[in-house]
Amino acid sequence: MRPLPKTFYARDTLTVAAELLGCELWVSRGRQVCAGRIVEAEAYIGEEDPACHAHRGQTNRNRVMYGAPGISYVYFTYGNHWMLNFVTEREGFPAAVLIRAVEPIEGIALMRRRRNVEHNYDLTSGPGKLTAAFEINGADSGLPLSGPRLTVVKSHGSGALPRILTSGRIGVNEGHERLWRFYLEDNPYVSKFRNGARSNSPRRYPAKRVSRA
DNA sequence: GAGAAGATCTCCT
DNA sequence: GGAGATCTTCTCA
């Protein structure tokens with residue numbers, strides 16, 4: 001199982017976000033291993049992006065975002081939830097991909113114990129849910145995505161990937177006109193349209209409107 | 001130090 | 001669909 005190289009992340013964040021769909025995230029806790037296929041992600045790019053943590057410049061909290069590509073950026077929000085991001089682009093430029101949802105493929109029983117929910121589709125269908133299911137927290141921030149604790153690999157599943165759709169980002173107050181949310185069509189683990197997303201008319205990817213302008 | 005905001009989730013109606 | 005929970009981070013005085 002070969003992790004994605006650093007060069008994968010050291011590219012345009014929108015490209016990375018789209019290409020992460022279908023990839024597998026593996027999280028190890030000693031002998032406990034959980035894994036899921038990434039089905040939904042959002043891009044946050046630079047200080048010009050009003051929804052990005054780096055919008056107001058570098059702080060203690062977002063310092064990891066300014067670091068090298070291919071590392072994790074995990075932060076706490078709403079008093080309850082950890083958010084998992086992958087740092088992208090060049091070192092010194094704050095950009096990241098928020099992992100919003102995954103499809104469980106390994107360690108499902110462990111996730112169910114951690115989440116205490118009835119249905120599998122409730123395990124990881126949201127950014128806060130997936131970090132709870134994978135037991136990801138601030139201790140995982142700044143770690144390489146090439147292992148040993150966090151590993152991202154190309155999917156070794158067979159068959160063609162479903163269509164990739166884009167929409168406005170969820171839960172952000174500004175910058176929602178940018179179609180920087182990417183997800184797999186008809187996947188039950190994609191988080192639903194809600195929480196104030198004001199521009200989530202889905203479009204096929206690649207699309208002309210998916211740009212950084 | 002105080003107050004406000006926040007890339008969410010879950011429960012209740 | 002709405003509101004509360006919960007607490008870290010940041011800004012401002």
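We name chains A, B, ... by the order of the sequence lines, and we start the count at 1 in each one.
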Expressed as a whole number of angstroms, how long is the span from Gln58(A):CD to dC10(C):P?
11 Å
His53(A) NE2 to dA7(B) C1', in whole Å, measures 6 Å
Report the distance from atom CG of Asn80(A) to atom C1' of dT9(C), rounded to the nearest whole Å.
15 Å
For dG6(B), give the paired nucleotide (Watson-Crick: N1-N3 plus N6-O4 or O6-N4; G-U: N1-O2 and O6-N3; both under 3.5 Å), or none.
dC7(C)
Can you confirm whether the side chains of Arg113(A) and Asn116(A) place a donor and an acceptor under 3.5 Å from each other?
no
His81(A) side chain, from C-beta outward: closest of dT8(B), dA7(B), dC10(C)
dT8(B)
Of the candidate nucleotides dT8(B), dC10(C), dC9(B), which contains the atom at the shortest distance from the side chain of Arg61(A)?
dC10(C)
Between Arg56(A) and Glu47(A), is the closest basic N to carboxylate O distance under 4.0 Å?
no
Separation of Asn85(A) atom CG from dA7(B) atom C1', in whole Å?
8 Å
Pair Asp122(A) + Arg112(A): basic N to acidic O under 4.0 Å:
no
Gly79(A) near the nucleic acid: base, sugar-phosphate alone, or nothing, with a heavy-atom cut-off under 4.0 Å?
base
Arg178(A) CZ to dA7(B) P, straight-line distance once rounded to whole Å
15 Å
Expressed in angstrom and rounded to an integer, what is the separation of Met83(A) atom CE from dT8(C) atom C1'?
12 Å
For atom CD1 of Ile45(A) and atom P of dA7(B), their distance in whole Å:
16 Å
Options dT11(C), dC9(B), dA7(B), nucleotide nearest the side-chain atoms of Arg56(A)
dT11(C)
Per atom distances to the Thr77(A) side chain, the nearest of dG6(B), dT10(B), dT11(C) is dG6(B)
For Met65(A) and Ala96(A) the tightest heavy-atom approach is CE-CB, 3.7 Å
Rounded distance in Å - CD (Glu40(A)) to C1' (dA7(B)):
11 Å
With stacking defined as ring centroids separated by under 5.5 Å and planes differing by under 30°, is Tyr78(A) stacked against dA5(C)?
no
Taking the ring of His53(A) and the ring of Tyr75(A), is the distance between their centroids below 6.0 Å?
yes
